[in-house]
Amino acid sequence: MSASHIYLDNNATTRPYPECIEAMYACMRESYGNPSSKHGFGDHARQLVNEARAQVARLLGAQVAEIVFTGGATEANHMAILGALALQPEKRHLVVSAVEHPSVLQLARHLETQGVRLTVLPVDASGCINLSQLQAALSEDTALVSLMWANNETGVLQPVEQAAALARARGILFHTDAVQAVGKVPVNMSAIPVDMLSLAAHKFHGPLGVGALFIRKGLKPPPMLFGHQERHRRGGTENVPGIVGCGVACELAAGELDASAERITALRNRLEAGLLARIPFARVNGANAPRLPNTSSVSFGGIPAEMILQRLERERIYASQGAACAAGATEPSHVLLAMGLPTEAALATVRFSLSHDTTEAKIDRLLEVLPAILGELAGIAA
Ligand code: PLP
């Protein structure tokens with residue numbers, strides 16, 4: 001992709017920091033040992049993995065021993081949910097929200113077919129769960145509450161701290177899929193009663209295919225992948241370059257978190273104000289809820305998002321329709337439907353997700369071309 005493109009699909013994945021690429025390249029070139037080998041190459045690789053573990057732990061306000069590296073967030077989510085159920089075979093109830101990522105929701109639905117009792121908490125029109133409904137759903141039989149920190153489609157933040165406290169008060173384990181939150185908003189495991197938390201490095205300028213599960217000290221869910229690695233918690237030879245890249249991304253994200261959130265929020269507000277001023281029928285989803293700084297989900301009447309995105313791509317502007325993971329499917333987003341959007345509006349929704357690479361000039365270019373595209377498409381649709 002050339003420098004002139006405008007990439008606004010950062011919730012799908014982000015451009016890796018140059019520092020990550022350098023560190024990963026150096027690792028593959030010079031530090032190619034297996035961390036389990038009992039010689040110098042192994043020792044060095046093991047040291048790199050442990051340095052990265054410390055970098056992840058620092059970003060999360062966690063202890064080093066609480067971080068387990070995985071092959072991404074889908075795996076981390078599975079590890080948390082399956083681990084909580086395996087740890088407490090007497091408890092067969094799982095609570096999730098209706099707006100979870102498919103890596104949680106589809107697993108939960110699958111487990112339901114295997115005899116697990118499932119509660120899917122609804123959300124209100126702004127995309128938030130209701131804490132009283134969560135409270136009412138908890139029972140003696142509840143093994144785990146899994147509630148995402150921030151939604152990948154709308155950026156809406158769930159009341160994770162309060163929800164985790166409710167679960168803790170009942171002695172129930174609490175997991176959060178914090179994939180879209182980590183690196184964008186402060187996440188501090190020393191301050192809130194979360195038992196497990198998933199992250200993916202590629203959502204905050206690290207590499208694809210590597211993530212981590214925070215498992216609070218003292219909690220010992222059985223592994224999903226057996227083997228001696230990661231202190232028997234996740235078998236399989238470590239993806240050392242990926243882990244190194246993940247560590248560097250955490251370090252850099254921690255350093256720029258506050259400044260970056262402020263700058264990106266201003267850009268997001270500029271984008272939304274500009275769109276609403278120019279396009280009277282545009283609606284921002286979740287606008288009244290607490291949200292991530294970088295995400296804007298906008299419905300454009302009944303104009304199919306697919307067509308809008310095609311036209312935008314001709315202008316070298318890249319955004320997405322609903323979740324990228326569901327790209328190719330023409331089904332409306334389950335997140336937007338859960339918020340009460342009609343199917344037509346859900347199919348007319350574009351997600352713009354910004355990052356530290358986004359500039360004012362890029363937002364202004366979008367604001368320049370989009371109204372004309374919509375005008376043209378509205379004419380075709382009419
Ligand atoms: N959870 C959320 C909220 C996500 O946005 C994603 C990716 O889009 C995932 C989980 C899964 O991450 P990965 O595909 O890297 O395993």
Side-chain angles (χ1 to χ4, degrees), residues 7-16 20 56 60 68-82 96-110 121 123 127-129 146-158 160 163 175-185 187 194 196-214 224-225 234 236 239 242-243 245-246 249-250 253 285-286 289 291-297 318-329 333-336 338-339 351-355:
Y7 183 76
L8 295 172
D9 198 13
N10 288 282
N11 283 11
T13 198
T14 52
R15 185 171 74 92
C20 281
V56 177
L60 300 184
V68 179
F69 285 111
T70 64
T74 299
E75 183 190 325
N77 285 341
H78 278 61
M79 201 168 153
I81 294 171
L82 296 172
V96 302
S97 85
V99 295
E100 297 299 314
H101 185 265
S103 58
V104 168
L105 209 47
Q106 288 182 17
L107 171 63
R109 296 265 183 232
H110 167 74
L121 296 171
V123 295
C128 294
I129 63 143
S146 180
L147 178 65
M148 72 194 328
W149 195 301
N151 187 266
N152 43 305
E153 295 190 36
T154 60
V156 168
L157 301 169
Q158 297 296 344
V160 165
H175 164 250
T176 182
D177 171 352
V179 167
Q180 295 291 347
V182 171
K184 297 176 190 162
V185 291
V187 166
V194 162
M196 291 182 279
L197 172 148
S198 308
L199 64 87
H202 71 104
K203 304 292 185 179
F204 55 100
H205 305 284
L208 290 153
V210 56
L213 182 67
F214 157 86
M224 202 170 68
L225 302 176
R234 197 273 188 181
N239 168 8
I243 288 171
C246 177
C250 286
N285 299 305
R291 276 188 295 157
L292 288 174
N294 81 316
T295 310
S296 195
S297 164
Y318 303 86
S320 71
Q321 176 185 16
C325 319
S333 138
H334 71 284
V335 174
L336 300 175
M339 290 165 71
R351 176 184 72 183
F352 302 100
S353 46
L354 287 55
S355 79

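When a residue number appears, it is its place in the shown sequence, counting from 1. When a ligand or atom number is given, it counts from 1 through the structure's own listing order.
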Ignoring angles and geometry beyond distance, decide whether T74 reaches within less than 3.5 Å of ligand 1 through its nitrogen or oxygen atoms. yes

Does T154 offer a backbone N or O that forms a donor-acceptor pair with the side chain of S297 under 3.5 Å? no

Quick check: does any side chain N or O of D9 sit under 3.5 Å from a backbone N or O of Y318, one acting as donor and the other as acceptor? no

Any donor and acceptor pair, going by atom type alone, linking the side chain of E100 with main-chain N or O of M148 inside 3.5 Å? yes

Closer than 4.0 Å to some heavy atom of S103 - which atoms of ligand 1 meet that? 10 (C)

So is E100 close enough to ligand 1, meaning a heavy atom under 4.0 angstrom away? no

If the condition is ring pair (Phe, Tyr, Trp, His ring centres under 6.0 Å), which residues does H205 pass it with, not counting sequence neighbours? Y17, H356

For P293 versus K184, what's the shortest heavy-atom pair and its separation? CG-O, 3.9 Å

Check: D177 N/O within less than 3.5 Å of ligand 1 N/O: yes

M148: numbered ligand 1 atoms lying under 4.0 Å from its heavy atoms: 3 (C)

Do ligand 1 and V179 have nitrogen or oxygen atoms that lie under 3.5 Å from each other? no

